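Please read these numbers as outputs of a predicted model, since none were measured by experiment. A, B, ... follow the sequence lines: proteins, then strands. Residue 1 opens every chain.
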There are 2 protein chains.
Amino acid sequence: MLYLVGLGLSDETDITVKGLEIVKKASRVYLEAYTSILLVDQSVLETYYGRPVTIADREMVESNSDEILRDAGTEDVAFLVVGDPFGATTHTDLVLRARELGIPVGTVPNASIMSGIGAAGLQLYNFGQTVSMVFFTDNWRPASFYDRVRENRTIGLHTLLLLDIKVKEQSLENMARGIRIFEPPRYMTVGQCASQMLEVEEERKEGVYGPNSLAIGAARVGGKTEKFVAGTLKELCEQDDALGPPLHSLVLLGRRTHELEHDFVREFAVNKETWDSIWKADYQGQ
Amino acid sequence: MLYLVGLGLSDETDITVKGLEIVKKASRVYLEAYTSILLVDQSVLETYYGRPVTIADREMVESNSDEILRDAGTEDVAFLVVGDPFGATTHTDLVLRARELGIPVGTVPNASIMSGIGAAGLQLYNFGQTVSMVFFTDNWRPASFYDRVRENRTIGLHTLLLLDIKVKEQSLENMARGIRIFEPPRYMTVGQCASQMLEVEEERKEGVYGPNSLAIGAARVGGKTEKFVAGTLKELCEQDDALGPPLHSLVLLGRRTHELEHDFVREFAVNKETWDSIWKADYQGQ
């Protein structure tokens, strides 16, 4: 059987009891390590599980899934995914491949950033579609997120933005030369995300949001050092030090808000007076 | 400290290792038992934890939260919530009350139906706002869900409908007489939800969806007997036997779909030919 086991958001103890039992008994254990990361290293997991874990990078999962699925018809294989197993499309693909091979599939759900973000104090019911923000380069500045955010904002909903991570990436130069040397990992910060958002608004000028739009920066959601900072997008451009190490996410508020949300989030505000006055003028009762 | 501990979706082993450690050490343990239920009884949890658990009903949480928070400044109190702790507004309220009293709060996230529903094979990125469907009565047929579904459908997104549960409810007659006798618990089925949806469309006639709109009925998501049935809303009116016992949820598909979603969900179709032909005509590439 192929088991997709969610690891939750933070450290080795966020696995469920059910998940841990499967990991301990499986013939082989893979860790998907390119759509998200835990806040602890592979070695911590291996010590905790008492067994080796094979890192499954993008190449392996997308091009060599038959190795992962080898003998899974007769043995148990555990495929560990940070967060919930169905957060990313890749895993849907793996399940479809298993089905083709007649391999039964079991899933062990866990916390996902899409529900864990509720800890910021916004009602999960008031979120629209989730969008991804990638690192802009000189030549590549994909702005499709802007249209998705607009759709959510038009109907008053909050938007969760998941921020790019780059692990095991080659520089264009090394790729061209066929040299398998990888760049150090990079994790987008709330400040980078807020800046890119404002850049795109500056270009498109369609008023989907602006420097004074309210947002929440989130860091290490679900972990012991979880941290939220609330403020305007302009303020959040400068809050990376306050937020600390990765992973970061950002929530852009929608206008359909509840008084409870105000009271809860205000606690995290960079500047409570600014927060209150913008909330009152642009959000409350809209 | 007040700990809000998510229990996940299905049975006693869905708690995280971190959550279980807190439950074992806390001075008192409460189980919130009115916004959702696990698929196992309180006694199973008590045996598994090796200690008593106090059921916290709506009355207790909303009117007597100070009892839950008693001495939480100096002792650890665990408040267990099915799914993720921030799925329901009630818990936001409890956290705000704790803050007022200067009590520190810790959260242990877990799987929520809002992410667990990804196991049905639809991309979580393509979901809009989540809506609730309540049991209609002769005099009370709230249709605000209809407008929310429209908002999601307008921008092509899927809608997760969470279905009503009624636990510890009094009949109007007993309530009027002040008799504290409670009705047996009731859990809305996918069939009841689909019928109510079609009734409201029949009244409003705004074409938000219809009998041939595609949807997925989900039962016991995250559990060993998890079951999905895909079909038109009309078909899903008659699939309660196939779906089996509670809890049920329903997903109404949006038109913004991915080929992978088709391939994955087709496996669950009541009638694969109907599914394919409606998909091709009304969804694919829209």
Side-chain angles (χ1 to χ4, degrees), chain A residues 6 8-21 48 83-87 89 92-93 95-96 99 106-121 123-132 148 151-152 154-157 221-222 224 226 258 260-261 263-264 267, chain B residues 6 8-21 48 83-87 89 92-93 95-96 99 106-121 123-132 148 151-152 154-157 221-222 224 226 258 260-261 263-264 267:
Chain A
L9 297 167
S10 167
D11 66 37
E12 70 279 12
T13 63
D14 284 324
I15 194 170
T16 66
V17 175
K18 186 181 285 173
L20 186 58
E21 283 167 9
Y48 191 70
D84 185 79
F86 285 102
T89 321
T92 313
D93 234 354
V95 172
L96 285 172
R99 270 197 202 157
T107 309
V108 182
N110 207 322
S112 153
I113 182 67
M114 295 192 193
S115 49
I117 194 65
Q123 300 302 316
L124 292 176
Y125 286 85
N126 290 338
F127 279 76
Q129 61 198 312
T130 301
V131 306
S132 297
R148 300 275 190 258
E151 290 171 342
N152 287 341
T154 303
I155 52 180
L157 299 177
V221 171
K224 289 195 188 82
E226 175 179 86
H258 189 283
L260 268 180
E261 294 181 310
D263 297 350
F264 200 110
E267 188 79 10
Chain B
L9 296 168
S10 167
D11 65 38
E12 70 280 12
T13 64
D14 285 323
I15 194 169
T16 65
V17 175
K18 186 181 283 173
L20 186 58
E21 282 167 8
Y48 191 70
D84 185 80
F86 285 103
T89 321
T92 313
D93 234 354
V95 172
L96 285 172
R99 270 196 202 159
T107 309
V108 182
N110 207 323
S112 153
I113 182 68
M114 295 192 193
S115 48
I117 194 64
Q123 300 301 316
L124 292 176
Y125 286 83
N126 289 337
F127 279 76
Q129 61 198 311
T130 301
V131 306
S132 296
R148 300 275 189 258
E151 290 171 342
N152 287 342
T154 304
I155 52 179
L157 300 177
V221 171
K224 288 194 189 82
E226 175 178 85
H258 189 283
L260 268 181
E261 296 181 309
D263 297 349
F264 201 110
E267 188 79 9

Requested in this report: Measure from NZ or CZ of A:Arg99 to the centre of the six-membered ring of B:Phe264 and say whether it is under 6.0 Å with the direction within 45° of the ring axis.
Outcome: yes

Query raised in the report: What residue, out of B:Pro85, B:Gly83, B:Pro109, has the most heavy-atom pairs lying under 4.5 Å from chain A?
Result: B:Pro109

Requested in this report: Below 4.5 Å from any heavy atom of chain A, which atoms of B:Ile15 appear? Answer side chain, backbone, both or neither.
Outcome: both

**Report entry** Structural part of B:Gln129 lying under 4.5 Å from a heavy atom of chain A
**Finding:** both

Report summary line: Okay, A:Leu157 and chain B: the region with an atom under 4.5 Å from a heavy atom over there is side chain

Query raised in the report: So which of A:Asn152, A:Asp263, A:Thr107 has the biggest tally of heavy-atom pairs under 4.5 Å with chain B?
Result: A:Asp263

Query raised in the report: To the nearest 0.5 Å, how far apart are CG in A:Leu124 and CD1 in B:Ile113?
Result: 13.0 Å

Query - Region of B:Thr154 in contact with chain A, defined by heavy-atom distances below 4.5 Å - result: neither

Query raised in the report: B:Leu20 versus chain A, heavy atoms under 4.5 Å apart: side chain, backbone, both or neither?
Result: side chain

Report summary line: In terms of heavy-atom pairs under 4.5 Å with chain A, the winner among B:Ser112, B:Gly8, B:Ala119 is B:Ala119

Report summary line: In short, B:Ser132 meets A:Tyr125 closest at the heavy-atom pair OG-CE2, 3.4 Å

Requested in this report: Check whether A:Glu151 gets within reach of chain B through its side chain, its backbone, both or neither, counting any heavy atom under 4.5 Å.
Outcome: both

Report task. Just give me the residue among A:Val131, A:Ile117, A:Val221, A:Asp11 that pairs up with chain B most often, heavy atom to heavy atom, under 4.5 Å. Result -> A:Asp11

**Report entry** B:Asn126 versus chain A, the contacting section by heavy-atom distance below 4.5 Å
**Finding:** neither

Requested in this report: Please say which of A:Asp14, A:Asp84, A:Thr16 ends up in a side-chain contact (heavy atoms from CB on, under 4.5 Å) with B:Asn110.
Outcome: A:Thr16

Query raised in the report: Taking side chain as C-beta onward, heavy atoms only, is B:Gln123 less than 4.5 Å from A:Thr92?
Result: yes

Query raised in the report: Does some side-chain heavy atom of B:Val17 sit less than 4.5 Å from a side-chain heavy atom of A:Tyr48?
Result: yes

Query raised in the report: For the residue pair A:Lys18 and B:Gly222, what are the closest heavy atoms and their distance?
Result: NZ-O, 4.2 Å

Query raised in the report: Hey, which of A:Glu261, A:Lys224, A:Arg148 has the most heavy atom pairs under 4.5 Å with chain B?
Result: A:Arg148

